[in-house]
Every structure is written in C-alpha cells, then in structure tokens.
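Keep in mind that this is a model prediction, so the values were computed, not measured. Numbers here simply count residues along the sequence, with the first being 1.
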Amino acid sequence: MPQVVIFMGSRSDEEKVAPCVDVLRGLGVSCVMTVSSAHRTPDRTVELVRRYEAEGAQVFICAAGMAAHLAGAVAARTIRPVIGIPIGGASLAGMDALFSTVQMPPGFPVATVALDKAGARNAAWLAAQILALGDPALAAKMESAREKMRADVAAAGEEISARYA
C-alpha cells in the first residue's frame with residue numbers, strides 16, 4: 001500500500017519526476033508512480049485517485065506540463081494533500097504549467113513546488129514532512145538526512161576555502 005502516489009501527465013515526464021521516487025524511497029516512504037492525464041484519461045485519473053485513497057494513500061503528487069490541470073483534477077477528487085510539480089516544456093519555459101498548477105480556487109489547494117527535477121525532490125520532501133507529522137521515526141530520518149546535507153555543505157566550503165586560500 002503506497003503512502004504517496006505520484007501521477008505524471010505523460011510518460012515523457014519520467015526523467016524529471018524520477019528524483020521524487022529516489023527521495024521517498026531513501027526515506028523509507030512507500031510510493032507508486034504512474035501516468036494519467038487530466039485531459040486524455042480523465043476517467044482513469046478519477047479511478048486511480050479513488051483506488052489509491054481506498055488503499056490508504058496519504059499524499060498525492062502530480063507532475064504535468066503545459067496546461068497542467070492534473071494536480072487540480074486530483075485535488076477536486078480528494079481531501080488528501082496534493083502537491084503539484086510543474087513540468088517545463090518548449091512553450092513558455094514552464095511558466096504555463098507553473099501558473100496552471102498554482103492558481104487553484106479556494107477550497108481546492110495544490111501545494112506547488114519548483115519546476116522539474118528540483119521540484120520533484122522538494123515534492124518528495126514536502127510529502128515526507130506531511131507524513132512525519134504522525135510518524136516520529138520518519139521525522140528522525142528526515143532530520144538525519146538534513147544533518148548530512150549540512151555536513152556536506154560545510155565540508156565543501158572547507159575544501160573550497162582551503163583550495164583558494
């Protein structure tokens with residue numbers, strides 16, 4: 001049973017969204033990733049939301065480009081947290097996807113992160129933070145991972161300083 005469900009609007013988004021799975025699995029969070037489109041397969045999207053919600057999914061992450069209505073379509077069908085990852089494309093450098101994801105009507109929020117791979121990573125971290133509210137072990141894993149990030153930055157700083165001293 002996945003704790004987090006990740007939808008992509010198109011298979012071509014996989015490379016940009018895969019870091020989301022890497023972060024979640026690294027933290028021990030169960031997840032599943034699939035393709036479903038708000039426009040091309042709306043019935044499939046609704047069916048998957050209902051199925052995964054019944055199986056106990058706690059957070060939905062939706063990645064889409066262009067009109068990027070996937071996160072909004074999912075938010076319309078669940079009261080579980082929905083996180084949107086706008087996917088950049090050839091048109092408008094992803095600004096169309098960003099605006100489509102972030103501009104939701106009151107009562108149907110979508111937490112929106114940065115575009116592409118950076119957004120995928122932060123969507124995973126945000127999902128984990130939500131889950132960690134009720135999971136002290138996950139919260140401890142997250143704190144440990146952040147401490148490693150801090151240590152890595154400090155070590156890099158020391159190395160660069162020594163090289164250019």
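- The closest donor-acceptor contact from the side chain of Arg77 to the backbone of Glu47 lies at 3.5 Å or more, if one exists at all.
- Here the closest heavy-atom approach between residue Ser37 and residue Gly9 is recorded as CB-O, 3.8 Å.
- A single hydrophobic cluster is seen to contain both Leu48 and Val110, as judged by linkage of ILVMFWY side chains at heavy-atom distances under 4.5 Å, directly or through other members.
- A donor-acceptor pair under 3.5 Å links the side-chain atoms of Thr45 to the main chain of Thr41, judged by distance alone.
- Under the 3.5 Å distance criterion, with hydrogens and angles disregarded, a donor-acceptor pair is assigned to the side chains of Arg44 and Thr34.
- Looking at Arg150 and Glu143, a side-chain N of the basic residue comes within less than 4.0 Å of a carboxylate O on the acidic one, giving a salt bridge.
- For Ser161 (side chain) and Gly157 (main-chain N/O), a donor-acceptor pair under 3.5 Å exists by modelled atom type.
- Rounding to the nearest 0.5 Å gives a distance of 13.5 Å between CG of Asp135 and CD of Gln129.
- Residues in residues 134-165 take part in no ring pair (Phe, Tyr, Trp, His ring centres under 6.0 Å) pair, two or more places apart or across chains.
- Heavy-atom neighbours of Ile79 CD1 from other residues, nucleotides or ligands within 6.0 Å: at or below the threshold of 12.
- Nearest approach of Thr101 to Ala71, heavy atoms of both residues: CG2-CB, 4.4 Å.
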Practice prompt. Starting from the C-alpha separation in whole Å, work towards a yes-or-no answer on side-chain contact (heavy atoms from CB on, under 4.5 Å) for Leu92 and Phe99.
Written response: CA-CA 11 Å; Leu92 304 176; Phe99 289 139; over 6 Å; no
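- In this structure, Leu138 shares a hydrophobic cluster with Val4, Ile6, Met8, Val17, Val21, Val23, Leu24, Leu27, Val29, Met33, Val35, Val59, Ile61, Ile83, Ile85, Ile87, Val113, Trp125, Leu126, Ile130, Leu131, Met142, Met149, the cluster being traced through Ile, Leu, Val, Met, Phe, Trp and Tyr side chains under 4.5 angstrom apart.
- Although no hydrogens or angles enter the test, the distance criterion places no donor-acceptor pair under 3.5 Å between the side chain of Arg80 and the main chain of Phe60.
- Under a 4.0 Å N-O distance rule, the pair Arg50/Glu53 does not qualify as a salt bridge.
- In this structure, Lys16 contributes its side chain and Gly88 its backbone to a donor-acceptor pair below 3.5 Å.
- Under a hydrophobic clustering in which Ile, Leu, Val, Met, Phe, Trp and Tyr are joined whenever their side-chain heavy atoms come within less than 4.5 Å, directly or via other members, Val46 and Val82 fall into different clusters.
- Ring geometry, His69 versus His39: the interplanar angle exceeds 60°, so the pair is classed perpendicular (tilted spans 30 to 60°).
- Tracing side-chain contacts under 4.5 Å through hydrophobic residues (I, L, V, M, F, W, Y), one never reaches Met66 starting from Val102; they form parts of separate clusters.
- Between the side chain of Ser30 and the main chain of Met1, a donor-acceptor pair closer than 3.5 Å is present.
- For the residue pair Ala114 and Pro86, the shortest heavy atom distance occurs at O-CD, 3.6 Å.
- Listed here is the closest heavy atom pair of Ser10 and Arg40: CB-NH2, 3.9 Å.
- Side-chain atoms of Asp13 do not come within 3.5 Å of backbone N or O of Gly65 as any donor-acceptor pair.
- Rounding to the nearest 0.5 angstrom, the gap separating the CD atom in Glu14 from the SG atom in Cys20 is 12.5 Å.
- In this structure, the side chains of Cys31 and Gln3 stay at 4.5 Å or more apart for every pair of heavy atoms.
- Remark: Glu159 engages Arg163 in a salt bridge, criterion side-chain N to carboxylate O under 4.0 Å.
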